[in-house]
Structures are given as structure tokens and as C-alpha cells.
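Below: one structure, written as C-alpha cells.
All heavy atoms count here, side chains included; hydrogens, waters and symmetry mates do not. Proteins come first, then strands; the chains are lettered A, B, ... in the order of their sequence lines, and each starts at number 1. Here the structure is a predicted model, which means the values were calculated and not measured.
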Amino acid sequence: MQRIGVFVCHCGSNIAATVDVKKVVEMVSHEPGVVHAEDYQYMCSEVGQAKIIEAIREKHLTGLVVCSCSPRMHETTFRKTAERAGLNPYMVEIANIREHCSWIHKNMEEATEKAVILARAAIAKVNLDAPLFPGESRVTKRALVIGGGIAGIQTALDIADAGYEVDIVEKTPSIGGRMSQLDKTFPTLDCSACILTPKMVEASANEKIHLYTYSEVEKVSGFVGDFTVDIRKKARSVDMSKCTGCGVCQEKCPSRKTPSEFNRGLNTRSAIYTPFAQAIPNVPVIDREACIKFKTGKCGLCQKVCQAGAIDYEQKDEIVTEKYGAIVVATGFDTIKLDKYDEYAYSQSKDVITSLELERIMNAAGPTKGHLERLSDGKHPKNMVFIQCVGSRCSDKRGKSYCSKICCMYTAKHAMLIRDKYPDVNVTVFYIDVRTPGKNFDEFYRRAVEDYGVNYIKGQVGKVMPQPNGQLLVQGVDLLDNKQILMEADMVVLATAIEPNADVRRIATMLTASIDTNNFLTEAHAKLRPVESPTAGVFLSGVCQGPKDIPETVAQAGAAAVKAIGLLAKDKLMTNPCTAKSDELLCNGCSQCANVCPYGAISYETKLINDHGIREDRRVAVVNSALCQGCGACTVTCPSGAMDLQGFANRQILAEVDAICR
Amino acid sequence: MFKIAKSKLPELLKAIAAQQELFLPVNNNGQVNFAAWFEGCNADIETLKTVKSPKDMFFPQSETLYTVKKEQHKLSVEPQALADQNFVAFGMKACDIQGIKVLDKVFLAEPVDTFYRARREHGTIVALACHEPEESCFCKVFGVDCAEPDADVVMWNANDTLYWKAVTDKGTALTEALSGVLENADAADEKAVETEQENIRAIVEKLPYTNLSLEGWNGNVTEEKFNSPVWEKLYKPCLACGTCTFVCPTCQCYDIKDYDTGHGIQRYRCWDSCMYSDFTMMAHGNNRTSQMQRFRQRFMHKLVYFPANNDGMYSCVGCGRCVEKCPSSLNIVKVIKAFEKEAANHE
Amino acid sequence: MSISKQAEQIREISGVNPYKCMKCGKCSASCPSFNEMDIKPHQFVSYVLNDDIESLVNSKSLWKCLSCFACIERCPRDVKPGKLIDAARQLVVRQRGEAYLTPDEIPELLDPDLPQQLLVSAFRRYRR
Amino acid sequence: MSITANEEFKPKIVAFCCNWCSYAGADLAGSSRLVYPADVKIIRVPCSCRVNPMFILHAFEKGADGVILCGCHPGDCHYSTGNYYARRRMALLFSMLDYIGVEHGRTRVEWVSAAEGVKFSQTMNEFVAKITSLGKNVRLEDLRCRK
Amino acid sequence: MQEMINRAKELLSDGTVNRVLGWRRGDMSYNPEPSYFETAEDLDANFVYNGFCGANLSKYMIEGSKLEGKTLVFLKPCDSYSFNQLIAEHRVDRDKAYIIGVGCMGKLSFEKIKEQGVKGITNITIDDANENITVETLYGEKTLAYKDCMLERCHVCKGKEHQIFDETIGESRDTKDADRFAEVEKIEAMSPEEKFAFFQNELSRCIRCNACRNVCPACSCRKCVFDSTKFDSAQKANVDSFEERMFHIIRAFHVAGRCTDCGECSRVCPQGIPLHLFNRKFIKDIDEFYGEFQAGVDPEAKSPLTSFTFNDVEPGVTGGRR
């Protein structure tokens with residue numbers, strides 16, 4: 001049995017005017033475990049706290065109940081008071097007799113009775129309280145960034161800038177990501193490469209940053225501050241230390257039929273390749289699927305022409321194991337597949353293209369060397385139609401329910417660039433809504449209409465029909481005119497919805513980070529913690545969390561970096577002791593608790609258990625108190641009651657219920 | 001001897017209920033159990049076996065022992081009043097009555113269980129001979145004659161008539177109080193009862209378990225049976241539920257628990273089952289740890305320990321409820337037969 | 001806002017939630033009978049929402065819809081204007097008291113003005 | 001003990017409130033002096049997902065007349081997903097209580113944010129009125145707990 | 001049956017399995033028991049498979065998984081759902097089991113036979129076509145239609161497809177002739193007073209023997225909350241009607257989303273309480289609220305109570321319906 005002291009606060013007249021505090025003191029003094037009860041004007045004052053300390057020392061109290069204002073106000077105060085008197089701070093419970101009682105009730109008798117009941121509930125809870133101690137864990141001062149696009153690069157640069165080591169793992173042979181595929185960027189029309197390349201160079205030159213390109217995260221274990229990650233460095237077949245990046249191998253390679261990933265399959269590349277001219281590192285890889293040497297054993301031309309002797313057909317995948325304190329996910333996006341949107345004839349005509357493909361066509365390093373031409377016959381188009389919201393804002397099963405956010409702006413950009421460079425081309429844009437929230441965004445869109453004469457039609461396209469003469473017949477509607485429109489076009493550009501990179505599912509599972517129904521990674525709080533994952537130590541950067549344009553991505557990348565730096569700056573992590581705890585003897589190992597844990601705090605171990613004389617190996621749940629945030633979802637999922645929450649234990653809550661109902 | 005047409009059963013019951021509290025087999029949604037009589041209840045004396053044995057008329061599944069009340073700082077203890085109303089247990093079978101005798105050995109021996117004794121003293125047992133014994137019955141093995149139950153009053157159910165014979169003073173007193181509804185029986189009726197008894201005994205001879213042998217269970221066999229390897233094979237299908245114990249007429253183990261009513265404590269006892277993992281889990285914590293041990297306990301108790309302490313009286317009465325009700329079809333007969341086979345293999 | 005019984009019936013028959021419409025116009029863009037209609041497919045939703053079922057059932061569109069299902073297939077919001085207009089037709093047919101025709105009753109009821117499409121649509125609806 | 005006609009029925013109501021939204025909402029109701037009946041007693045839990053159906057049945061067993069669970073609005077859970085689990089659990093539990101014949105309305109879930117002091121107080125007023133109209137909980141109480 | 005014995009003997013002798021988990025012939029026609037077999041002789045003499053082998057052997061594989069080597073286990077179609085669910089919960093080890101899916105003609109209920117006025121059974125024979133059963137008794141012989149003697153669960157059978165197996169033996173017959181949720185719907189249509197009276201009456205017979213819990217493959221807890229002191233819920237007697245209600249509601253809740261509707265609870269209840277009505281209510285609700293879900297089909301599937309969608313129904317809004 002505890003030795004409990006009850007302290008009833010008057011809070012001036014805030015409580016005492018409606019609650020008979022003397023009566024409360026008198027009533028609770030009869031409760032089991034209560035050895036001391038007193039009231040005072042202001043319990044939170046220095047004098048009030050001194051009274052508490054004195055009582056703890058003199059009456060050897062083991063638990064405190066303070067009947068006062070909301071615990072949200074002074075729970076911490078009184079916990080510290082208890083600690084000063086040598087009592088475990090978690091042996092304190094607050095009965096909220098101000099906000100929940102005196103302030104809302106007028107009748108003194110009624111309010112006093114309720115205050116007594118609230119005090120009894122708190123006493124019942126303290127009776128079952130146990131001292132709790134925060135845990136400590138160390139922090140590895142190194143961060144991992146998964147994804148080497150603009151989000152990953154910016155995060156890495158910011159973390160490195162603060163003086164911490166940071167590794168970037170990039171799946172493709174070069175960092176740069178989606179942004180490296182873009183031609184110009186809105187709303188200022190800078191050349192994408194001109195602003196991205198310096199960042200890429202900076203990242204590769206920074207001695208705190210280590211790049212793992214052509215590599216993938218294979219396995220993640222551990223938890224916040226102490227992750228262990230296996231990284232698979234795929235065999236490049238080119239020795240990075242020897243290669244000078246001269247490019248002769250790529251020129252000589254006889255296998256040239258592989259569709260270029262970088263150019264979205266609009267042209268081909270060699271089997272040994274760097275994705276694009278400014279690639280970092282500027283070291284090619286051999287695509288073993290396409291390479292004649294690997295397929296037939298004959299060829300080896302690249303090895304012969306390489307003066308540096310960098311070609312190494314024997315190279316194997318390598319697993320590197322590293323430790324990290326924080327992980328930033330920056331896996332980016334891709335455009336959705338259009339196979340379910342046959343009405344736009346994407347698969348039927350080469351002249352129906354996605355906007356990202358148009359970026360490559362417009363780019364001087366692209367498949368058409370920057371000339372706007374039809375891919376079917378190389379002719380210069382006269383009429384171009386842009387269709388918005390292809391797969392975005394679709395609540396049916398074909399598309400995505402969300403707005404992809406960037407399409408309105410890039411379509412305005414495309415329309416404007418085309419009209420600027422080729423004033424002879426008529427550009428029509430079919431839109432549902434034009435969404436331009438952003439600094440100088442609406443002005444940008446209006447310029448396309450007002451200064452460049454782009455024809456914006458409010459309405460959608462129902463069908464694109466390729467004609468025998470190579471033209472595309474577009475059937476749409478002008479809602480403002482209430483007319484159906486049939487027009488011929490030479491090219492149709494689809495503002496295709498974006499979706500998280502396909503790898504994100506696998507990565508989220510490894511990190512036990514949660515993802516939503518659209519595969520976007522979930523943030524810890526939609527408003528207040530937008531760059532943190534609910535899994536402690538995991539941060540989100542860029543489009544993996546939700547659609548974003550470049551400025552937003554860069555801003556979020558910086559924010560994620562700050563959060564990671566904040567974590568890395570700590571030497572030790574103190575953990576909240578009100579965490580879940582599993583009773584090994586009762587645990588079934590059924591995994592249901594882990595299924596509901598938003599933090600991935602629960603893992604399973606096979607352990608030798610001695611259950612009253614029966615010794616056997618059992619699969620049991622283990623809660624990592626560094627990760628557990630104490631929500632209690634697992635405790636209710638656990639059918640055997642093995643899982644309980646310290647500080648809010650089952651029996652404590654039941655005791656409160658008993659005290660209220662009796 | 002007396003008699004009454006079976007069609008007049010409702011009147012008989014009403015007449016008894018007018019005198020005393022009456023418990024009898026009542027059909028509730030197809031399941032027959034002993035329950036308090038009420039006007040219009042679905043009395044069923046044709047079903048041979050009630051699901052639960054009638055033991056809870058004397059030893060209820062749960063009963064309050066005393067109550068502690070708390071007001072401010074004061075505690076007061078209120079003892080539980082003992083049963084003080086007479087009641088009739090109507091339609092009990094011979095095996096169940098033998099079950100009560102087993103309970104008597106436990107609860108009426110020193111120290112006497114006053115709750116049980118009060119109920120025994122106030123209860124009048126009106127037995128019913130088993131008109132059509134069933135295949136799961138093996139009361140004869142334990143010396144029970146289901147054609148002639150040992151009770152305050154015995155009834156036979158034949159020829160659409162209930163024949164009524166008072167045996168004890170209690171029985172006679174009840175019979176006298178019912179003179180308004182019972183008719184006097186004549187010599188032909190006496191003859192009919194004899195015929196019914198012969199019929200019953202003839203069927204009993206044909207029952208599949210009637211010749212079950214208890215050889216090898218008497219005498220000083222504790223060590224031998226306890227250490228037998230047979231248990232290890234036998235217990236495997238056991239689910240560790242308490243069905244067998246709760247339908248059994250002789251299982252007498254109980255647990256004592258406190259219930260927090262919010263304004264005090266009610267101490268009550270309730271049936272416990274040796275099949276449960278927390279059986280005899282007391283402060284020391286060293287209860288039987290494996291289901292094999294718990295399983296063994298139940299049968300060792302019935303067939304070895306109990307007779308050893310009670311002049312050879314087995315605490316199984318052959319009612320066959322466990323044969324019918326065990327979810328995994330285990331029962332005491334299979335246990336006895338398994339040991340018989342084991343013994344045969346050894347020879 | 002309380003809605004009329006007719007509007008409610010339309011919603012019930014069609015199983016369409018008109019509030020889901022985002023007014024993109026893809027239905028009208030897809031409709032092969034667009035030019036013959038007085039009320040355009042993308043407007044159907046508004047008429048139901050505005051509870052003007054009267055205009056809808058008296059419209060030409062009711063009988064011009066081919067039930068080709070292009071709007072139903074392509075609607076990105078699962079609103080399916082085709083189902084709405086079909087439901088409006090059901091209303092009219094039911095009001096005429098001919099809710100449950102058997103195929104052999106049809107020939108004598110045939111009205112020269114009745115579009116074949118309606119029959120096709122009705123069979124589609126009741127083919128189970 | 002039976003309730004006589006002239007004795008006013010004072011329901012016992014247990015309100016489980018999550019620490020982050022609803023408990024703060026109740027605090028706001030308090031600091032805004034928004035009156036609701038004293039029959040409501042609040043138990044603080046970290047999250048609505050901490051509330052085990054057993055707690056609710058236990059409250060009824062011990063004589064509560066109504067139980068209400070308040071949590072953050074769906075999507076606003078401090079722990080991201082807790083209230084979604086709570087919502088499923090309670091939907092099933094309440095449906096079961098309905099199914100076994102407990103009066104509809106003895107249990108309730110309400111999402112109350114930290115800013116919704118008014119909603120908290122209104123909800124409690126409504127709930128107390130509902131329970132008062134339903135009367136004493138006799139279908140789920142343990143008779144031993146009666147005085 | 002002979003095919004099963006032969007195959008079991010083969011697998012025993014070639015060392016694939018160390019033992020066989022099946023049904024052992026009882027001393028009455030109707031009481032075979034779940035049992036292990038380790039020798040060919042034992043199998044020949046005592047193995048049985050017929051309409052009375054209703055027991056679901058999946059749960060025995062929890063202990064079976066701890067034994068040395070593989071165990072050959074015979075699973076009926078409905079048992080295989082339970083086995084899958086136990087795999088999902090890591091309670092059985094797939095690698096420790098060699099599963100033979102056995103055909104099922106519907107399983108028989110001793111209670112249903114007795115309900116038809118049968119007393120003093122001495123022998124029961126089932127005809128080859130499984131159309132009729134002949135009951136010999138001390139009081140004469142009686143022929144009953146197989147269908148009339150089937151367990152309730154077989155009338156609402158989920159289908160005779162095995163969800164998991166290494167091989168299958170024997171034929172099955174479709175026995176479904178009733179709607180699985182008809183009984184639940186009937187209760188849902190009652191007034192609250194009628195519902196309360198219905199369950200009050202049914203549960204008044206509960207003796208807290210725990211047979212329903214202990215036979216249940218979903219109730220696989222090492223220690224049930226009702227046996228532990230963790231919740232102040234340790235209860236074992238029918239002291240007051242509340243406790244039975246608490247027990248059965250919480251039991252149903254704990255298995256909600258995990259219950260495969262194998263029907264064992266109702267089969268074993270000595271008091272004939274239709275316990276499946278609780279579980280099936282939750283199954284029906286889950287189907288209606290969150291989309292159709294059958295536990296035990298896919299061990300990888302997330303159970304409805306450990307997942308959610310943003311637009312789930314609100315608690316209580318579905319209530320109060322009649």
C-alpha cells in the first residue's frame with residue numbers, strides 16, 4: 001500500500017469559491033492509502049510546493065495527489081516538486097478540480113461531491129503507480145539520405161553544412177533525380193541543369209558527404225539514434241577509382257538499342273552508359289542485361305578502348321554496413337502508367353506524349369536536340385493540345401484521388417515556352433481548374449494567356465482519335481460556351497499524375513515508416529510535424545511525402561535536415577518512460593500489437609521462457625522504449641493483456657472507473 | 001404407495017410449490033437443467049439426464065459467504081444467512097443422489113460446511129427411477145440401482161402414471177401434505193412398479209458400459225497409478241475446459257474470491273475445476289504446471305484418493321454426463337478402459 | 001436542404017452521389033449525342049442537385065442519350081451522368097405505370113417516337 | 001433499490017478523453033466557463049486507442065449509466081492513427097451492445113479538438129440528457145454493485 | 001478413410017513425418033477423439049475418419065509445432081482456415097506440419113441426433129452415400145437423414161476448398177443450404193427488449209466451463225485475460241448475469257477479425273448456447289462496415305481491427321437499427 005499525500009489547492013477563489021476544499025480534505029483523508037491531506041491557497045507557489053516537500057519528508061509519502069488545475073498546466077511542476085523531495089516524479093497524479101469542476105459547476109454541494117470523486121479516482125490511480133525511469137540511448141552522429149534527387153541533395157548539403165557526416169544512397173548511376181530531366185523551371189524559367197548541376201557538384205565535392213550511386217538500401221535495423229543499414233552497391237563493372245570519364249567506351253559500345261531511361265524511352269543508349277552528360281559521378285555503368293559481353297561472352301570492346309583500364313567485368317555486388325543516427329527519405333516520384341486511359345490514345349500514337357516526355361523533347365540534350373517535332377514523322381507541329389488532370393483528382397480506380405499540384409504550372413510553362421520559341425504553333429489547354437497558389441505563380445499563368453496567347457478552355461477532353469492522315473482528332477468540351485469541340489491537333493500533351501516512386505513501399509517497410517493509401521509516406525502530424533515520420537529518427541524530404549514543386553521540395557529538404565541535425569546534435573536521447581511493456585509470460589507472439597504500432601517500436605524475439613516450471617522457446621514481443629511514444633494502441637489489440645502501458649496501466653484505469661462509479 | 005396420472009403432473013407440481021420451494025428439471029431452449037418452478041415452466045421429467053447435475057441445489061455454483069461493508073473509516077462484516085426454507089428437489093435420479101452422498105462425505109465431515117448442511121437439512125429429495133437408461137449410463141458399476149433410488153420419496157414413471165412411494169419421514173411428511181392430489185395405489189400398481197423395476201434392470205444389463213471393471217483401482221495403488229505412463233498418452237486431446245467438472249454430480253472443488261462492489265467486498269465461493277491452469281494457484285504459486293498433471297488429478301481423485309479416504313467409496317457415480325459432454329470425447333470410461341488395456345498388455 | 005421525392009428517387013435508382021462531381025466536363029466531352037441534347041451531360045448533375053427534376057424529365061436529352069456509357073466509363077469522380085439520365089427515364093416510365101413490362105408486352109406499346117436506344121437501355125438494365 | 005418517482009435520477013457518466021485533443025477541449029470548456037452537468041467524470045487517457053472495450057463494460061458493470069469516449073478528430077491524432085483504430089473498435093463494440101439489447105445511446109464516441117470547448121460542453125449536455133431519458137442502466141450492471 | 005491410413009503409413013515409414021494427428025476410434029460410434037498416432041499398427045487399428053470427426057485439429061498444432069520433427073495433420077476444409085489464421089499469428093509452424101486436406105461431407109451432431117428422439121444408442125452406421133444414418137438403440141432402430149443430423153455450421157458452410165495443404169484426399173459435398181447471417185439478421189430485427197430477453201435467456205445457461213474458449217483456435221492465448229489478474233477480470237463462476245455477458249462479448253471482441261467461423265464454440269457448448277451468434281455478428285459487421293473479410297484465407301492479410309481507412313463508419317451511427 002502506498003503512503004499518499006493529498007494536496008488540495010484553492011487556486012485563490014478559482015476553486016475555493018465553488019468547491020468546499022476543507023470538505024474535500026476531510027473526505028479524502030478516509031481513502032485507503034491516504035496518510036496526509038491538506039489544503040492551501042496556491043499549491044503551485046513556492047510556499048505550496050514547500051508544503052508538499054515537507055509532507056513528503058515528514059510523512060514518508062510514496063505518492064502524491066494534487067487536486068488543482070489541469071495536469072496540462074502544472075503536472076510537470078508538481079513532478080519536479082516530488083523529485084526535489086526525492087520522490088519518483090511519476091508517483092504524482094493530478095485531480096483536475098478546476099477546469100473540470102469548479103469552473104463549470106455553480107452548485108457548491110454538487111461541485112464538492114464531484115471534486116471528491118475526482119480526487120478518489122486520482123488516489124486509486126496513485127495506489128497502483130510504480131516509479132518510472134526515463135531510458136537513455138546513444139546517437140550515432142551520421143545521417144543517411146535515401147534518394148539523390150534535389151530533395152536528397154539539399155538535405156545532405158544542409159546536414160553536412162552543420163558538420164555531420166551524411167551518406168546519400170541513389171538507385172540510378174547518377175544523382176540528380178527528376179529535376180535533371182527538366183528543361184526549364186517555373187516560375188522564372190531558369191534552365192534546370194544550370195541551377196541543379198552546381199548543387200550536384202557541391203554534394204560530390206563536400207568531404208562530409210559520401211555518395212553511394214547505383215546502390216540500394218537492403219536492410220534496416222535498430223532505432224532512432226542507432227540505425228544499422230545494409231547498402232547494396234550494385235556492380236558497376238567500371239572501377240570508379242580508375243575511370244576518367246572520357247566517354248570513349250560509350251562511343252564505341254556496339255549495343256545501342258536500349259531505351260534511354262533518362263530520355264523516358266524516347267531514344268536509345270549504349271549498354272555502357274552514363275545517364276546524362278552532367279552525371280555525377282561521371283563514371284559509366286554497364287547494363288548487364290544489354291551488354292553483349294555479358295550476354296554472349298564475346299565483345300569486350302569497351303575494355304579494349306579504355307585507356308585507364310577501368311572496365312572490370314568481374315565486379316560483384318557489394319554490401320556495405322553502416323550505422324546512422326537519422327534517416328531521411330527522399331525517394332521522389334514517377335508519373336503514373338497510362339494504360340488505363342485509352343481514350344487519350346497514348347499507346348496508339350507517338351504524338352500523344354506526357355509532359356515529362358515534352359521536357360526531354362524541349363531539352364537541347366534530348367532526343368530531338370531541343371527541336372519541337374512530332375516523334376512520328378519529325379514534322380514541326382502546328383496545333384498542340386494540352387490536357388490537364390490526366391489521372392489526377394480521379395476518385396475512380398483508374399487514377400489518383402489527389403491533385404498532383406505541379407501540372408498547372410508546368411503546363412503554363414510549356415505553353416509559354418512553345419509560344420515564345422515557335423509563335424506559329426497554336427496552343428490549346430483544356431483545364432478543369434487552374435491552380436496557381438504560390439509566389440508569382442498566378443502572374444506566370446496569366447502571362448501565358450495574356451502575353452503569349454495560349455488558348456485556355458475550361459473543359460475536358462473526352463477522346464483523342466488518331467486519324468489516318470497522322471492528325472489527332474481531339475473531342476472536348478468548352479463548358480463556358482456549353483459547346484462540344486472537335487479540333488485537329490498535331491501533338492497532344494498529357495499532364496500525367498505523379499505518384500510516389502515504386503520503391504517507397506519496400507523502403508517504408510524496412511523503416512517501419514507508415515505510408516498512406518496512395519503510397520505517400522505519412523508525416524508524424526499533418527500540420528505540426530510535417531517533415532517527420534511517426535517512426536522516430538526517420539524524416540521526410542520531397543515528394544515522397546506528398547506532391548510538391550521544386551521550391552517547396554527544397555524548403556522541406558532543409559526542414560528535414562534541421563530535424564535530423566537536431567537529433568544528431570544530441571549525445572544521448574532521453575525517452576519518455578510512459579511506454580508500453582509486454583509481459584513475457586503472457587505474450588503469445590501473435591504480432592497483432594506490431595501491426596497497429598505507428599512507430600515500429602515492437603519487435604519479436606525468440607526467447608527461453610521459464611513459465612512456472614515450463615521452460616520453452618517462445619516468440620515474444622519486445623517494446624523498444626526509445627521508439628514507443630505511449631499511445632496504447634497495442635494494449636487494446638493484445639488479447640491476453642500481456643501488453644500494458646506504464647503510467648496508464650489497465651488496472652489503473654479500471655481503478656479510476658471503480659472510484660467514479662462507486 | 002400413491003400414484004398420479006402423468007397428465008396431472010402440473011397439478012402435482014403446483015401443489016408441491018404451494019408447500020415449499022420446488023426445483024425440478026426444466027427445459028430451456030432444448031436444454032434441461034434443474035431450476036426453480038414457476039407457473040407455466042416447461043417441466044421435463046422425460047429427459048433422462050439434465051445437462052448439469054442437480055448438485056447445485058445443495059452446493060450452488062456460486063454462493064456468498066459474507067459481505068464486508070465500508071463506510072468512511074469503518075468496516076462491518078455481515079455474515080450470510082444460512083438457508084432456512086424447506087425445498088423439494090423433484091425428479092433426481094439414483095446416480096445424482098449417489099453424487100449427493102459423495103458430497104456429504106466431503107461437506108458434512110468435520111469441519112462441517114454449514115451452508116451445505118443447511119441446504120441438506122431443508123431439502124426433500126423426490127427421486128425418479130430411470131425409465132429408459134441410456135448407453136452412456138454405468139451407475140451399476142458403482143453399485144447404484146437406478147430402479148430403486150435411495151431418497152425421501154421415490155417415483156416410477158410407467159404406464160403414463162407416476163407411482164409415488166414415501167421412504168423417509170421427510171418423504172412421508174411431504175406425501176401427507178399432498179394428499180389432495182395423490183391417489184392411493186393398489187396391488188396392481190405395486191405389481192406395475194415391480195415390472196417397471198424388472199424392465200429397468202434388464203436394460204441396465206444390456207448397457208455397453210455396465211460390465212466396466214474397476215479391478216485394479218482398489219487397494220493401495222496410488223503410486224502405481226500415479227506413475228503410470230498411460231496418462232501421458234491419455235490427456236493429449238484434453239482442452240483443459242471445465243465441462244466435465246461442471247456437469248459432474250460429485251466434483252466438489254471450489255475457489256473463494258472477493259468481489260469489489262464499490263461499497264464493500266463480497267466474499268463468495270464458486271465451483272472450480274482441477275482442469276484449469278490456475279486451480280490451487282494460491283500464494284505459494286506452485287500449482288500443477290502441466291495439463292497431464294491436472295488431467296491425472298481429476299481421475300486419481302475420483303478413483304483412488306477419494307475411495308482411500310472414504311471407505312472405498314468412489315467419487316464417480318456413473319451418470320455418464322462426461323461421456324456425452326466432453327468436447328474432445330474424453331471421459332472416465334476411456335480412462336478406466338485404457339488402464340485395463342495397459343494391465344492386459346503387461347500380463 | 002430537403003430534396004424532393006423525385007430527386008431522392010433518382011439518386012436511389014442511379015446509386016449516384018451527385019455531390020462527388022467536380023464539374024470537369026469530361027462527360028460532355030465524351031458524349032456522342034452532345035449536340036442533340038438541350039441539357040448537356042455535365043448539367044445533369046446540377047439539375048439533380050438543384051432539384052429541378054421537372055426540366056430533366058421533360059428534356060430532349062432524356063431521349064437522346066444513347067446509353068453508350070462513355071461518360072460512365074470516363075467520369076473521373078464516379079458520378080456517372082449516364083446513370084442519372086437513365087434514372088430520370090426510369091422515373092418517367094414508372095410514372096406511366098409501366099414499371100414492369102415483359103418483353104412480349106412491348107410490341108403493342110411501341111410508340112414511333114420512342115427511341116430504340118431506350119429499349120436497348122431498358123434491356124441492359126433488366127437483363128439479369 | 002428502486003428509483004422512486006420523486007427521487008431525481010442522477011446518472012453516473014464516465015468520459016474517457018484523450019490527452020491531446022479532448023482533454024484539452026474539456027479544459028477549454030472549463031476556462032470558458034461552459035457549464036455541463038457534474039454527472040460527467042473525465043478519465044484522462046493518452047489516446048482514444050488506449051480505451052479497451054473492457055474498460056467500458058467494466059464501467060457499466062460497476063454502475064455507470066453512460067460511457068462516452070472523446071478523441072482527436074480523425075486525421076488529427078497525436079499518434080497519427082490511434083483514433084482510427086479506436087473508431088473501428090468502438091463501432092464494433094457499440095454494434096454488439098445494440099445487438100444484445102442494450103439501449104442505443106448509452107455509449108457514444110465524439111471527436112473533440114483542443115479548440116472545441118463549446119462542442120465539448122454541448123456534447124456532454126446532450127449526452128447527459130440522453131442518459132437521463134434512458135434512465136438507470138439495468139441491463140449491463142452487476143447487481144452486486146447496487147447499494 | 002483407408003486412403004488416409006495408407007498415406008499416413010507411407011509418410012511415417014519414409015520418415016517425412018514423425019507422427020500423425022488424426023482421430024482415434026472411440027468406444028461409442030459417436031465419440032472419436034483427436035489423437036496422435038506413431039505406428040502403422042495403431043493407425044490400422046484405431047484411426048477413424050467419419051461424420052463424427054468434427055473436432056478441428058488446427059489448434060492441436062500449437063502444441064504439435066513444439067514437437068520434434070514434422071507432424072502429419074488432417075485438416076477439413078473449414079479447419080484449414082483456422083490453420084492459416086494461426087500461421088498469421090505465428091502460433092503454428094508451417095514447416096512442422098505436413099497437411100493433408102481431407103474431404104468433408106458435413107459433420108454430425110450428437111445433440112441433433114438425440115433431439116430426434118433417439119435414446120440408448122448402441123451403434124450408428126452411416127451409409128456409403130452419406131445420405132442416411134442408421135441408429136441402433138436399446139429401444140429399437142431408427143434411420144435418420146444425414147442432413148438432419150448435421151452441425152449448424154455445416155448448413156452455412158464456407159465451401160469445401162482447402163485453404164492450405166500439401167495434398168488432399170477424399171471428396172467433399174456442398175452442404176450449404178442456409179444463409180450464414182440469417183440468424184443474426186433475425187436478432188437484429190428484434191426490439192432492444194426482445195434482444196435483451198433473448199440473450200439473457202441463452203446466457204443464463206452458461207456455466208463458465210470455458211469449453212468454447214478452450215476449443216477455439218483463435219483463443220490461443222497462453223493465458224486468457226479472464227484467467228489472469230491483469231484486468232481484475234479473473235472470474236470463473238456464473239455469479240451474476242453480467243459476468244457471462246462480459247465474458248462472451250469480450251471473447252467475441254478478442255477474436256473479431258480473426259475468427260474464421262469454424263463453429264467449434266457452438267459445437268462444444270454443453271448447454272447448447274448458440275455462441276456463434278456473437279462471432280458472426282462481428283463478422284457481419286466487419287463485412288458491412290469495412291468490406292468483406294474472411295479470416296484464414298490469406299495469412300498475409302491485415303485483420304480488420306489492425307487496419308483502417310480514413311472514411312470508416314462512425315461508431316454508433318449504425319446502431320439503433322431495427
Between S329(B), C326(B), C244(B), P60(B), the one whose heavy-atom pairs under 4.5 Å with chain E are most numerous: S329(B)
From CA spacing to verdict: side chain to side chain contact (heavy atoms under 4.5 Å, CB included), T245(B), F279(B): CA-CA 12 Å; T245(B) 35; F279(B) 183 72; over 6 Å; no
Candidates R321(B), K55(B), K49(B) - the one meeting side chain to side chain donor-acceptor pair (under 3.5 Å) with D96(B): R321(B)
Distance-only donor-acceptor check, side chains N33(B) and N28(B), under 3.5 Å: no
Aromatic contact, F199(E) with F278(E) (centres under 6.0 Å): yes
Residue part contacting chain B, namely of Y36(E), when any heavy atom lies under 4.5 Å: side chain
Part of residues 263-275 of chain E lying next to chain B, heavy-atom separation under 4.5 Å: R267(E), V268(E), P270(E), Q271(E), G272(E)
Which atoms of E63(E) approach chain B - backbone, side chain, both or neither, heavy atom under 4.5 Å: neither
K66(E), NZ atom: more than 12 neighbouring heavy atoms under 6.0 Å: yes
salt_bridge(E232(B), R296(B)) N-O dist < 4.0 Å: no
Most contacts with chain E, counted as non-hydrogen pairs under 4.5 angstrom, among P133(B), P208(B), S277(B): P133(B)
Ring centroid separation F74(E) to Y49(E) under 6.0 Å: no
Identified side chain to side chain donor-acceptor pair (under 3.5 Å) counterpart of R269(B) within the set D255(B), T64(B), D113(B): D113(B)
Most chain B-contacting option - heavy-atom pairs closer than 4.5 Å, from Y60(E), F110(E), Y139(E): Y139(E)
Contact origin within N331(B) toward chain E - heavy atom pairs under 4.5 Å: side chain
Heavy-atom pair count under 4.5 Å with chain E, highest-scoring of A35(B), C137(B), C241(B): C241(B)
Pairs of heavy atoms under 4.5 Å with chain E: top-ranked of P237(B), P327(B), G242(B): P237(B)
Residue A211(E) versus chain B: region with a heavy atom under 4.5 Å: both
Contact class of Y209(B) relative to chain E, heavy atoms under 4.5 angstrom: side chain
Exercise: do D79(E) and S58(E) side chains pair donor with acceptor under 3.5 Å: no
Which atoms of Q291(B) approach chain E - backbone, side chain, both or neither, heavy atom under 4.5 Å: neither
Side chain to side chain contact (heavy atoms under 4.5 Å, CB included) assessment of Y30(E) paired with L108(E): CA-CA 9 Å; Y30(E) 56 74; L108(E) 297 168; over 6 Å; no
Partner chain E: residue of E63(B), K334(B), M275(B), K233(B) with the largest heavy-atom pair count (under 4.5 Å): K334(B)
Chain B contact via K59(E) - side chain, backbone, both or neither, heavy atoms under 4.5 Å: neither
Verdict with supporting geometry, W231(B) and F339(B), ring-ring contact (aromatic ring centres under 6.0 Å, His included): CA-CA 9 Å; W231(B) 300 113; F339(B) 273 90; 5.0 Å; yes
Under-4.0 Å salt bridge between R280(E) and E183(E): yes
